[in-house]
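The structure appears right after this line, and notes come after that.
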Amino acid sequence: MFGQSSAALPGLEGANSPYPPHQAHRKEKGVYEIWPLIEAGEKAEDDVWQPLLERPAEESRHRLLARKIASRIRSWIGKRRLSEGKVVGPGDILILLRNRGRLFEAVLAELQAAHVPVAGADRLKLANNIAVLDLMALMQFCLLTEDDYSLACVLKSPFVPEPLDEDQLLALAAARGSATLWKRLVTAEDEASQENARWLVSRREAMRSERPFEFLSQTIVQRRAAILARLGSEASDAMNALLQAALDYETAETPSYPGFLRWFRSGESEVKRDMDQDSGGVRVMTIHGSKGLEAPIIILPVDVNAKPGGSGDQILMPELTGFGLFPFWYLSSRPLDSVPKWKERRKDAEREESHRLLYVALTRARDELYVCGCTSGDKARDDNWYDLVDQARPDGMREIWEEDVLAAYRLGNDPAAVREADGSNKHGTTLPDWFFREYRQTPERRSRIENEPYDKTAAARGAILHKLLQELPSTAPDGRLAFANRIAMKRGIEPALAEAIARLTLDERFQTLFGAHGLAEAPVSARLHGGKLLVEGRIDRLVLGENETIIIDYKSGTPRVIDESHDYALQLARYRAALEEARPGKPVRTALLWIDAPRLDWIGKDVLDRALAQLLASTTP
């Protein structure tokens, strides 16, 4: 990259360097890739009769590139290894950008949208942080209960015991006439509203005797786990900085809540976060902030049309004989012969500084380096980093194609994929056409379980837990606990239970069951044994292993002993018979996962044999 003929060499020590050339001491090879440029999407034609909210948004080049980065990272985490053999985790990845512009914000947004664990930005403005805004809204509401907007913000935040979603908030706020949102909340009869109202009353009472720092610290202590589960580690840094700001205010001013709100909103507080610590998430930061750091994987996104960020002002710093560097303000209306020469020198100095910054970015990588970029389609700026890197492509780089599309130029070995522990082959297993045929359950074939008393609350809770178990196996292992906590807070189930389920999917003993290639909610429909046995249903978790088949059925309630006459055993016997017919010669094992425990109980082969015999004896075609 920085060889003697490289255009990126000015500003760095080259042929005249007194130091010997660097010799790599590591034997294992790394990976160096250059991805093709991403071009901006075509702008959709405006339809003046189409509502604004329904018009398709223009896909900016920044958003498209950020989405590609997030997709690649998601495909790496937990699914491939570094050269040293370690499985890639979110904390191994560092994304470096030249400044905190649109591309910076787009990368953060797309990582979060893809459910990739992210440590957040290296700098954050307190006044823009969602956790800080929620705390300010809480304080504002406690001062003035008629402030409907502040209360609405608080009710959607993780600070209340039962956070509301958009639909719940709309149901609470709509058609209330002249009544305040607070009055509607305290008179609501549902338990969630009552729980939120009780908590808000307790915080209003606390405001009578606590200073701003005490009020904020007690609020954060009470709700810290829920806040971090929903907003991530960046919220922790922001809240700590807010507490420090409250202490600073109380040291300099007479403490009061209106005074603190006015004092805080009138200032501009920015926090520099320590990104060297292991936060467990993908780090996104500027190159200036990365000096002294390194990471196994570095991604360097470049906007080839963006301004490099030079001074651009009318102050020059020429070096004058006898004076050294001298500040000089030039006027366009009064040209001077020396000004063009001085401006060219400044441009050269900025170019050299840009090359040094590029060198810093490229040398942060310990194992793998990925350079990517985006363009608006217009002419790229001179000396942009992507072109410098692309023009200096070393010999030996090969083209990598994906579905007839050039995906990258790669130097080094292909990254090693993690071998699935269960040996399942998602794409290589072929099941008969009848196996996934659509079915329609008839009343006479329904299980006797449906005649038990129906508990609407328990059924809704069970559906949420089923959905959680369906999504967790496809989530990166490092992000499963955070994902489970977010679902728990959003859907109102116990965080401890959601976390226990997430840990069960991470347990080494159950990796065969919850590998990424298992099938969730697999429909099955079949007529077996000469039409005597009808099999219709959905298998909660189906693992098609190389040497065996595993069926997992999720059940709510208290774990119990299952004999051959129990409806659960009869259900699993039907499923086993269908899989034995679909995959002859492959043993089938079955289990019940009690999601409230959570506990996994394997059902013995003899129990299912007796259950199948009962079914065949009692069922007529």
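Sequence positions, counted from 1, serve as the residue numbers for this chain. Basis for what follows: all heavy atoms, side chains included, without hydrogens, waters or symmetry-related copies.
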Could you give the distance from CG (Leu97) to NE2 (His288), rounded to the nearest 0.5 Å? 12.5 Å
Residues two or more places apart in sequence or in another chain: which of them pass side chain to side chain donor-acceptor pair (under 3.5 Å) with Asn305? Thr375, Ser376
Only counting residues at least two apart or in another chain, list the ones meeting salt bridge (charged side-chain N to carboxylate O under 4.0 Å, His left out) with Asp134. none
Under the side-chain contact (heavy atoms from CB on, under 4.5 Å) rule, collect the residues that match up with Ala500, sequence neighbours excluded. Pro598
State which residues pass side chain to side chain donor-acceptor pair (under 3.5 Å) with Asn196; sequence neighbours excluded, sorted by chain then number. none
List the residues meeting salt bridge (charged side-chain N to carboxylate O under 4.0 Å, His left out) with Arg102, not counting sequence neighbours, and say none if there are none. none
Can you list everything that forms a salt bridge (charged side-chain N to carboxylate O under 4.0 Å, His left out) with Glu195? Sequence neighbours excluded, please. Arg198
Would you check if Cys374 and Val304 make a side-chain contact, meaning some heavy-atom pair closer than 4.5 Å? no
Quick test of your reading of the model: are Asp553 and Lys555 salt-bridged, counting only N-O distances below 4.0 Å? yes
Has Asp92 got a side-chain atom pairing as donor or acceptor with Gly89's backbone, closer than 3.5 angstrom? yes
Who passes salt bridge (charged side-chain N to carboxylate O under 4.0 Å, His left out) against Arg265, sequence neighbours left out? none
Nearest 0.5 Å, please: how far is CG in Leu300 from CG in Leu94? 10.0 Å
Quick one, Arg381 and Asp387 - any side-chain contact, counting heavy atoms below 4.5 Å? no
Residues that Glu499 engages under side chain to side chain donor-acceptor pair (under 3.5 Å), provided they are two or more places apart: Arg503
Please step through side-chain contact (heavy atoms from CB on, under 4.5 Å) for the pair Cys372 and Val302, ending with a clear verdict. CA-CA 6 Å; Cys372 51; Val302 179; over 6 Å; no
So, Arg223 side chain and Val160 main chain: donor-acceptor pair closer than 3.5 Å or not? yes
Thr363 (side chain) donor-acceptor with Tyr359 (main chain) under 3.5 angstrom: yes
With distance as the sole criterion, is a donor-acceptor pair present between the side chains of Trp199 and Glu162 under 3.5 Å? no
Compile the donor-acceptor pairs under 3.5 Å between side chains in residues 149-158 and protein atoms, sequence neighbours left out, one pair per line.
unit_1, atom_1, unit_2, atom_2, d
Ser150, OG, Asp147, OD1, 3.4
Ser150, OG, Asp147, OD2, 2.8
Lys156, NZ, Glu166, OE2, 2.4
Ser157, OG, Val154, O, 2.6
Ser157, OG, Phe159, N, 3.2

A side-chain contact here means heavy atoms from C-beta on lying under 4.5 Å apart; do Leu411 and Pro394 qualify? yes
Applying side-chain contact (heavy atoms from CB on, under 4.5 Å), can you list everything that pairs with Asn413, at least two apart in sequence or on another chain? Lys29
For Val371 and Tyr32, which heavy atoms make the closest approach, and how far apart are they? CG2-CE1, 4.2 Å
Approximate separation, where rounding is to 0.5 Å, of Asp303 CG and Arg98 CZ: 11.0 Å
Kindly compute the distance separating CG (Asp414) from CD1 (Ile400), expressed to the nearest 0.5 Å. 5.5 Å
When rounded to the nearest 0.5 angstrom, what distance separates CD1 in Ile34 from CG in Leu369? 8.5 Å
For a 4.5 angstrom cut-off between non-hydrogen side-chain atoms, does Leu593 reach Leu469? yes
CD on Glu294 to CZ on Arg366, rounded to 0.5 Å: 5.0 Å
Residue set satisfying side chain to side chain donor-acceptor pair (under 3.5 Å) with Glu33, at least two apart, ordered chain then number -> Trp35, Arg410
Is any side-chain heavy atom of Leu406 closer than 4.5 Å to a side-chain heavy atom of Glu399? yes
So, does Arg364 use its side chain to make a donor-acceptor pair with the main chain of Ile298 at under 3.5 Å? no
Does the pair Arg63/Glu110 count as a salt bridge with the N-to-O cut at 4.0 Å? yes
Mind checking side-chain contact (heavy atoms from CB on, under 4.5 Å) for Glu368 and listing every partner two or more places apart, or none if nothing turns up? Val31, Arg80, Leu82, Ile297, Tyr370
